[in-house]
Amino acid sequence: MKAAETRFSPEFRNRIDEIVVFAPLTMDEVKQIAQIYLEKTRRQMKSQGKSFQTTDQALALITEKGFSMQYGARFLKRFIDERVKLPITTMWKDGSNFIVDVEDGEVVTKVAETAGSLDV
């Protein structure tokens with residue numbers, strides 16, 4: 001409330017009904033959010049006969065790079081879209097199984113040789 005008082009005029013503050021303060025997300029919570037979004041994508045692909053697996057290393061890197069202390073997990077979906085969904089769409093006709101892994105410190109998505117048990 002102190003921050004609102006120093007930042008906003010009394011006229012503006014009078015128009016605010018309630019202020020809700022959120023605690024920052026933990027990395028475990030961000031990881032859970034990433035898993036939920038990846039699982040949603042996995043279900044969508046399954047309905048079209050496609051699948052993908054995510055290694056533990058890829059999930060950890062997705063969690064790390066998709067999270068910002070300042071903005072929370074706001075960019076997590078965008079990061080997954082850019083590093084997982086978009087590459088899969090460009091390789092859609094090349095296979096039905098894909099793998100999300102880490103190469104040279106970056107998340108990479110490629111056509112899998114065989115479907116493995118790396119599902120996270």
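All residue numbers in this chain count up from 1 along the given sequence. Just so it is clear, the values below take in all heavy atoms, side chains as well, and ignore hydrogens, waters and symmetry mates.
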Pair up each side-chain donor or acceptor in residues 21-30 with any protein partner under 3.5 Å, not counting sequence neighbours, and list the distances.
unit_1, atom_1, unit_2, atom_2, d
T26, OG1, E29, N, 3.2
T26, OG1, E29, OE1, 3.4
E29, OE1, T26, N, 2.8

Using side chain to side chain contact (heavy atoms under 4.5 Å, CB included), reason through V107 and V100 one step at a time and then give a plain yes or no. CA-CA 7 Å; V107 175; V100 181; 3.7 Å; yes
Look up atom OG in S96 and atom CE in M45, then write down how far apart they are to the nearest 0.5 Å. 9.0 Å
By salt bridge (charged side-chain N to carboxylate O under 4.0 Å, His left out), which residues pair with K65, not counting sequence neighbours? E106
Got F52 and V84 here, is their nearest side-chain heavy-atom distance under 4.5 Å? yes
Indicate if I33 and M69 have the same hydrophobic cluster label, given that clusters are the connected sets of ILVMFWY residues with side-chain heavy-atom separations under 4.5 angstrom. yes
CZ-CD distance between F75 and E82, expressed to the nearest 0.5 angstrom: 10.5 Å
Distance check, rounded to the nearest 0.5 Å: L76 atom CG versus S68 atom OG? 11.5 Å
Measure the spacing between CD1 of I80 and OG1 of T63 and express it to the nearest 0.5 Å. 7.5 Å
Quick one: list whatever passes salt bridge (charged side-chain N to carboxylate O under 4.0 Å, His left out) with K77, sequence neighbours left out. D81
Could you pull out the closest heavy-atom pair between A58 and T54, with the gap in Å? CB-CG2, 3.9 Å
Residue pairs passing the salt bridge (charged side-chain N to carboxylate O under 4.0 Å, His left out) test where at least one lies in residues 11-21, sequence neighbours excluded: none
Does any non-hydrogen side-chain atom of Q35 lie less than 4.5 Å from one of R42? no
Any donor-acceptor pair under 3.5 Å linking the side chain of R83 with the backbone of V108? no
Which atoms form the tightest heavy-atom contact between Q44 and S47, and what is the distance? O-OG, 2.7 Å
Can you pull the ring pair (Phe, Tyr, Trp, His ring centres under 6.0 Å) pairs that have at least one residue in residues 77-108, sequence neighbours excluded? none
Does a side-chain heavy-atom distance below 4.5 Å link N97 with V111? no
Output the distance between atom OG1 (T41) and atom CD1 (I36), rounded to the nearest 0.5 Å. 12.0 Å
Quick one: does L38's side chain get under 4.5 Å of L59's, heavy atoms only? yes
Which residues share a side-chain hydrogen bond (donor to acceptor under 3.5 Å, both in side chains) with K110, sequence neighbours left out: E103
